[in-house]
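Please read the structure below before turning to the comments.
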Amino acid sequence: AVVSTQSTGDGEENLALLPVSQENKSLILRMAIKCADISNPSRNKLLARAWAHRIVLEYRDQISEEKSRKLPQSLPPFDDIPKSQVLFVHLFARDLLSAYYDFLEFSHLTDQLNETFEYWDSFNEENPYPHELAISTSYSST
């Protein structure tokens, strides 16, 4: 069952359990796992920034390992953290997470997603990403 709000007609709302098919239960659970996997932009900006840095370090390590093994590079270099986060939210996270949060009636997470997106999108040449927060993402050609 899925919890849903239903209007009583007198301005009040009651919680109701709606039946869900086994197929839809499976879909809901798969969506929950996918959304959890890409939910970093729904965190407050301090947590989102810390996780974005960890992801860049992980990708940098992967690129380094691929180069050391003379394998094709599977990831593009991430030399601009804010730009990579804006692109990630725009291409992958925003539509999926917003739809799932709407389904769950978690509008506060949609609001946080938009706030974090605006944070990343605020950096540009006139407002550069603070150097002390940046991670060196230069790649050696070994």
Value for CG (Leu87) from CG (Asp121), rounded to nearest 0.5 Å, stands at 11.5 Å

Determine the interplanar angle of the Phe123 and Tyr119 rings, folded into 0 to 90°, and report it as parallel if under 30°, tilted if 30 to 60°, perpendicular if over 60°. perpendicular

Quick check: is Phe92 connected to Val56 through a chain of hydrophobic side chains (ILVMFWY, heavy atoms under 4.5 Å apart)? yes

Value rounded to 0.5 Å, distance of CG in Leu27 from NZ in Lys25: 13.5 Å

Return the minimal non-hydrogen interatomic distance between Leu47 and Asn40, and the atom names on each side. O-OD1, 3.9 Å

Would you mind reporting whether Asp80 and Tyr129 have side-chain heavy atoms less than 4.5 Å apart? no

Can you tell me if Gln62 and Glu58 form a side-chain donor-acceptor pair at under 3.5 Å? no

Contact summary for Asn127 and Ser122, nearest pair of heavy atoms: ND2-O, 2.9 Å

Interatomic distance, OG@Ser42 vs NE2@His108, rounded to 0.5 Å, equals 9.5 Å

So if you build clusters from Ile, Leu, Val, Met, Phe, Trp, Tyr with side-chain heavy-atom gaps below 4.5 Å, do Ile33 and Ile28 land together? no

Out of curiosity, Arg43 CZ to Gln112 CD, how far, rounded to the nearest 0.5 Å? 11.0 Å

What's the shortest heavy-atom distance between Asn44 and Thr116, and which atoms? C-OG1, 4.2 Å

Just so I know, are the side chains of Asn114 and Arg94 near enough to count as touching, which here means a heavy-atom distance under 4.5 Å? yes

Cluster question for you: counting only ILVMFWY and a side-chain heavy-atom cut-off of under 4.5 Å, with indirect links fine, are Leu29 and Leu104 together? no

Compare all side-chain heavy atoms of Arg49 with those of Ile81 and state whether any distance is below 4.5 angstrom. no

Carefully, step by step, assess Phe117 and Val86 under the rule side chain to side chain contact (heavy atoms under 4.5 Å, CB included). CA-CA 6 Å; Phe117 176 84; Val86 166; 3.7 Å; yes

Can you tell me if Glu66 uses its side chain to pair, donor with acceptor, with the backbone of Ser74 under 3.5 Å? yes

In terms of side-chain heavy atoms, does Arg60 have a donor or acceptor partner in Ser64 at a distance below 3.5 Å? no

What's the shortest heavy-atom distance between Cys35 and Leu96, and which atoms? SG-CG, 4.0 Å

Shared hydrophobic cluster, Ile63 / Ile55 (ILVMFWY, side-chain heavy atoms < 4.5 Å): yes

Closest non-hydrogen atoms of Ala52 and Trp120, given as atom of the first, atom of the second and distance, are CB-CZ2, 3.8 Å

For Phe88 together with His90, are the ring centres under 6.0 Å from each other? no

Does Tyr101 form a side chain to side chain contact (heavy atoms under 4.5 Å, CB included) with Ser39? I'd like the steps, not just the answer. CA-CA 11 Å; Tyr101 298 154; Ser39 66; 3.9 Å; yes

Flag yes if Ile38 and Trp51 sit in one hydrophobic cluster, no otherwise; membership is Ile, Leu, Val, Met, Phe, Trp, Tyr, and two members link when side-chain heavy atoms are under 4.5 Å apart. no

Heavy-atom nearest pair, Thr110 first then Ser98, reads CG2-OG, 3.9 Å

